[in-house]
**Q** 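First, the structure itself, so that you have it in front of you.
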Amino acid sequence: MAAIVIATPVHAADKVGEAVNITTQVRGAAGNLAKGDDIHRDETIRTNVSGVGAFRFEDGTKLAVGPNSSVVIDDYVYGGGNTVKKLALGATKGTLRWISGKSDHSAYQIKTPSGTLGVRGTAFDVYIGRNGITAVTLLNGSAQFCGV
């Protein structure tokens, strides 16, 4: 059974970054997604039980999506240069690793079924279980979690 990462754009939206590492087959609306391919605002990234993908946003933020995960690039508002005013992700299941880029810390937000994670110049891992329970492992920096 082949591992698959699926990236499905809801709209033909603005480019916000690119795939920097795909360790399995990746499919999007236009077919296979490979290293160097664009990712877009409103795009959903889904992985199967063994799929993994790594992405870099225009401001330098890094996102790794682990197996059996679903993440949506909800909002991405350019701030001028290589920064953003807002970068919001919706993570509904699975795992992800986040490493903040060059933008102001208040620009970043991760929404989960359990609440919203405000990022403060940091790196962290997130796990979201089947029941929506969210666990965050802070690797460096700081973050604030507000429950629903």
Side-chain angles (χ1 to χ4, degrees), residues 3-48 50-128 132 134-146 148:
I4 299 173
V5 175
I6 301 172
T8 308
V10 176
H11 308 283
D14 297 329
K15 174 187 173 186
V16 298
E18 69 180 4
V20 294
N21 190 17
I22 303 296
T23 58
T24 60
Q25 180 183 2
V26 179
R27 293 200 46 85
N32 287 338
L33 183 64
K35 181 178 177 178
D37 285 351
D38 296 344
I39 56 172
H40 302 89
R41 184 173 42 90
D42 298 327
E43 189 156 16
T44 299
I45 299 167
R46 290 187 182 100
T47 61
N48 73 358
S50 59
V52 177
F55 306 90
R56 182 177 45 242
F57 292 90
E58 296 291 322
D59 76 332
T61 295
K62 297 175 185 174
L63 171 68
V65 180
N68 204 27
S69 300
S70 181
V71 176
V72 178
I73 304 167
D74 283 330
D75 205 357
Y76 194 96
V77 179
Y78 288 101
N82 289 334
T83 64
V84 294
K85 288 184 180 180
K86 185 171 187 179
L87 172 50
L89 299 180
T92 56
K93 69 175 186 169
T95 59
L96 65 91
R97 173 166 283 176
W98 171 278
I99 301 174
S100 296
K102 303 173 200 168
S103 299
D104 186 79
H105 307 292
S106 63
Y108 304 120
Q109 187 177 72
I110 311 290
K111 300 172 193 169
T112 75
S114 299
T116 301
L117 187 62
V119 180
R120 305 291 178 256
T122 193
F124 57 84
D125 293 336
V126 175
Y127 168 77
I128 303 165
T134 302
V136 178
T137 302
L138 190 61
L139 303 173
N140 66 38
S142 64
Q144 181 178 9
F145 191 82
C146 298
V148 286

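Here, residue 1 is the first one in the sequence, and each next residue gets the next number.
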**Q** Do P67 and V52 come close enough that some side-chain heavy atom pair is under 4.5 Å?
**A**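 Result yes, sub-4.5 Å side-chain heavy-atom pair found.
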**Q** Taking salt bridge (Lys or Arg N to Asp or Glu O under 4.0 Å) as the cut-off, I'd like each qualifying pair that reaches into residues 135-145, sequence neighbours left out, listed once.
**A**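 Found none.
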**Q** Tell me, do F57 and I73 make a side-chain contact under 4.5 Å, heavy atoms counted?
**A**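 Touching, per the 4.5 Å side-chain cut-off.
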**Q** Applying side chain to side chain contact (heavy atoms under 4.5 Å, CB included), name anything that partners T122, two or more places apart in sequence or on another chain.
**A**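 Result, side chain to side chain contact (heavy atoms under 4.5 Å, CB included) vs T122: S100, V119, F124, L138, N140.
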**Q** So do S69 and L96 actually touch side chain to side chain, heavy atoms under 4.5 Å?
**A**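 Side chain of L96 against side chain of S69, heavy atoms only: no contact under 4.5 Å found.
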**Q** Nearest 0.5 Å please: distance from the CG atom of D14 over to the CD atom of E43.
**A**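 Going from CG on D14 over to CD on E43, the span is 12.0 Å.
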**Q** How long is the straight-line distance from CZ of R120 back to NE2 of H105, given to the nearest 0.5 Å?
**A**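 Between atom NE2 of H105 and atom CZ of R120 there are 9.0 Å.
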**Q** With distance as the sole test, does T137 use its side chain to make a donor-acceptor pair with the main-chain N or O of D125 at under 3.5 Å?
**A**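 Here the side-chain-to-backbone pair does not exist.
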**Q** Is it the case that the side chain of S103 and the backbone of T83 share a donor-acceptor pair, with hydrogens and angles ignored and the cut-off at 3.5 Å?
**A**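 No: the side chain of S103 does not pair with the backbone of T83.
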**Q** Do the non-hydrogen side-chain atoms of D74 and L89 ever get within less than 4.5 Å of each other?
**A**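 Not touching, per the 4.5 Å side-chain cut-off.
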**Q** Among residues two or more places apart or on two chains, list those pairs meeting salt bridge (Lys or Arg N to Asp or Glu O under 4.0 Å) that have a residue in residues 81-94.
**A**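 Salt bridge (Lys or Arg N to Asp or Glu O under 4.0 Å) check on residues 81-94 returns D75-K86.
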**Q** Tell me, do W98 and I110 make a side-chain contact under 4.5 Å, heavy atoms counted?
**A**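 The answer is yes, as the side chains (C-beta and beyond) meet within the 4.5 Å cut-off.
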**Q** Can you name the closest pair of heavy atoms from A91 and P113 and give their distance?
**A**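 Residues A91 and P113, closest heavy atoms: O-CD, 3.3 Å.
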**Q** What pair of heavy atoms forms the shortest contact from N82 to K102, and how long is it?
**A**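 Nearest heavy atoms, N82 then K102: ND2-NZ, 3.9 Å.
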**Q** What residues form a side chain to side chain contact (heavy atoms under 4.5 Å, CB included) with A64, not counting sequence neighbours?
**A**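 Side chain to side chain contact (heavy atoms under 4.5 Å, CB included) list for A64, sorted by chain: R97.
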**Q** Hey, is the main chain of Y127 close enough, under 3.5 Å, to the side chain of T95 for a donor-acceptor pair?
**A**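 Answer holds: no.
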**Q** Is any NZ, NE, NH1 or NH2 atom of the basic residue among E58 and K15 found under 4.0 Å from an Asp or Glu carboxylate oxygen of the other?
**A**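 Salt bridge between E58 and K15, a charged N being under 4.0 Å from a carboxylate O: yes.
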**Q** So which pairs with a foot in residues 106-117 pass side-chain hydrogen bond (donor to acceptor under 3.5 Å, both in side chains), sequence neighbours left out?
**A**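 Pairs touching residues 106-117 that pass the test: D59-Y108, T61-Y108, D104-S106, T112-T134, S114-T134.
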**Q** Can you check whether V136 reaches L117 side chain to side chain, under 4.5 Å on heavy atoms?
**A**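 Of all side-chain heavy-atom pairs linking L117 with V136, at least one is under 4.5 Å.
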**Q** What residues, two or more places apart in sequence or in another chain, satisfy ring-ring contact (aromatic ring centres under 6.0 Å, His included) together with F145?
**A**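 ring-ring contact (aromatic ring centres under 6.0 Å, His included) list for F145, sorted by chain: empty.
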**Q** Taking the side chain as every heavy atom from C-beta outward, state whether I128 and T92 have any pair of such atoms under 4.5 Å apart.
**A**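 Counting from C-beta outward, I128 and T92 never come under 4.5 Å.
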